Amino acid sequence: MSSVARRDVPFVDFRAALAPLRQEIDEAIRRVLDSGWYILGPEGEAFERELCEFFGVKEAVGVANGTEALQLALEALQLGPEAEVVTSPLTAAFTALAIVRAGARPVLADVDPVTLNISAETIRRVLTPRTKALMPVDLYGHPADLDPILALAHERGFAVIEDACQAHGALYRGRPVGYSCPAALSFYPTKNLGALGDGGALLLNDSSMSGRVRQLRNGGQTDRYHHLLPGMNSRLDEIQAAILRVKLRHLGASNARRRQLAEVYLEELADSGVGLPQEQPYAQAAYHLFVIRSVERDALLEHLHSNGVGALIHYPIPLHLQPAFRELRQGSVSLPVVERAAREILSLPLTPELTEEQVRYVSSVVRSFRTA
Ligand SMILES: *Cc1c(COP(=O)(O)O)cnc(C)c1O
């Protein structure tokens, strides 16, 4: 690295991300403070309408976070006791926690070695008579191959809920996620559409489910103080909704910027010997994360850190190996693909506020690894 000056490239820089939006966001917050209305009001309703427009769906229900968007979708489906929901072992643990909180049992299918998403093929291997729903995850913003999964679900009578918490604005067969099955979004601050706090939404194209989810998120009430269902408190507050309305207006541009920077990485790392993310013909990724693979991952991570690059691992421990999910150890079912992937994956910084020059610097650090 003698020829390139060392610099610091953080994994995320929230203040840099906020700076260009600061005035719009200050105004949005002031609007809510002036209104004196903080929960379930006009900002949340407007945000839900604007989400519907952006995603081309009929209904959007704002909730407290992405985990509860998944949980509420499952609860609205009333899967019954002992229900199994098939999902990915390579995801934020919150995906599987949502299933547990909804009273069902997560069953983990192995991932596809190229896309690192679960597929109809890997899902088939773990089906049982208790399988009631499938929950594919659009990992790193790359949509799972949904059509074969939906076909399988249709054939067997399963519900499908998409964990699109990393895929705001990704396209599957030309359409944003949420078009062909309920999709959960998270607005955790690091996500492509991030709040300044927690938030989430459920996108629905089937209006029969949305009324139930709206009830469940607000304690199961039909009218004030009349509780029809044992719901929960999972409301999106007005300040976050107002902030998210500003952020949503910039989502198209910020996703385009992520794609542009991903292109720079793909070019710069083409012959570097590391594995690169591959966009599939059926999808356009939202590049929530830019994840490379190396058999010498731990040493490469060290090398990046010692050269000022804030790289991370998403996720170091597959869910079946987490203590919280000890009970999920699935007897004879082994998950070799995800176990290998978890040893090789490494996320490079990729946020819209990075410069091309920073991305080229990170790439040069990766390329210098073997020769360092
Ligand atoms: C962030 C995330 C969640 C959880 O969302 P929260 O808003 O943090 O509850 C669930 N699944 C995936 C894939 C995520 O990335």
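Ligands are counted one by one from 1 in listed order, and the atoms in each one are counted from 1 as well. This is a predicted model, so every value here is computed, not measured.
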* To do: Mark up the atoms of ligand 1 that fall under 4.0 Å of a heavy atom belonging to F94, in ascending order.
  => 4 (C)
* For D198, is the nearest heavy atom under 4.0 Å from an atom of ligand 1? -> no
* **Part of K191 with heavy atoms under 4.0 Å of ligand 1, whether side chain, backbone, both or neither** => side chain
* Could you list which atoms of ligand 1 come closer than 4.0 Å to a heavy atom of N65? => 7 (O), 9 (O)
* What distance separates L301 CG from I313 CD1, expressed to the nearest 0.5 Å? -> 5.0 Å
* Asked: Does an N or O from T95, backbone or side chain, lie closer than 3.5 Å to an N or O of ligand 1?
  -> yes
* To do: Quick one: look at V137 and ligand 1, take heavy-atom pairs under 4.0 Å, and tell me if it's side chain, backbone, both or neither.
  => side chain
* Asked: At what distance is the nearest protein heavy atom to atom 9 (O) of ligand 1, and which residue and atom is it?
  -> T67 OG1, 2.5 Å
* Asked: If we only count N/O pairs under 3.5 Å, is Y188 in contact with ligand 1?
  -> no
* Taking the six-membered ring of F158, is NZ or CZ of R156 closer than 6.0 Å to its centre and within 45° of its axis? -> no
* Where's the contact between T91 and ligand 1, heavy-atom distance under 4.0 Å: side chain, backbone, both or neither? -> side chain
* Asked: Any N or O on G66 sitting closer than 3.5 Å to an N or O of ligand 1?
  -> yes
* Asked: Are E263 and R259 ion-paired here, with the side-chain N under 4.0 Å from a carboxylate O?
  -> no
* Selection from L289, L70, D163, D138 by shortest heavy-atom distance to atom 13 (C) of ligand 1 -> D163
* Considering only NZ, NE, NH1 and NH2 on the basic side and carboxylate oxygens on the acidic side, decide whether D26 and R22 come within less than 4.0 Å. => yes
* Axial cation check for Y361 ring with R7, 6.0 Å and 45° limits -> yes
* Using 4.0 Å as the upper bound for N to carboxylate O, is an ion pair formed by R214 and E59? -> yes
* Is R245 salt-bridged to E50, going by a charged N under 4.0 Å from an acidic O? -> yes
* To do: Name the option, out of S88, A201, S186, that contains the heavy atom nearest to atom 8 (O) of ligand 1.
  => S186
* Please check if the side chain of D110 supplies one atom and the backbone of V338 the other of a donor-acceptor pair under 3.5 Å. => yes
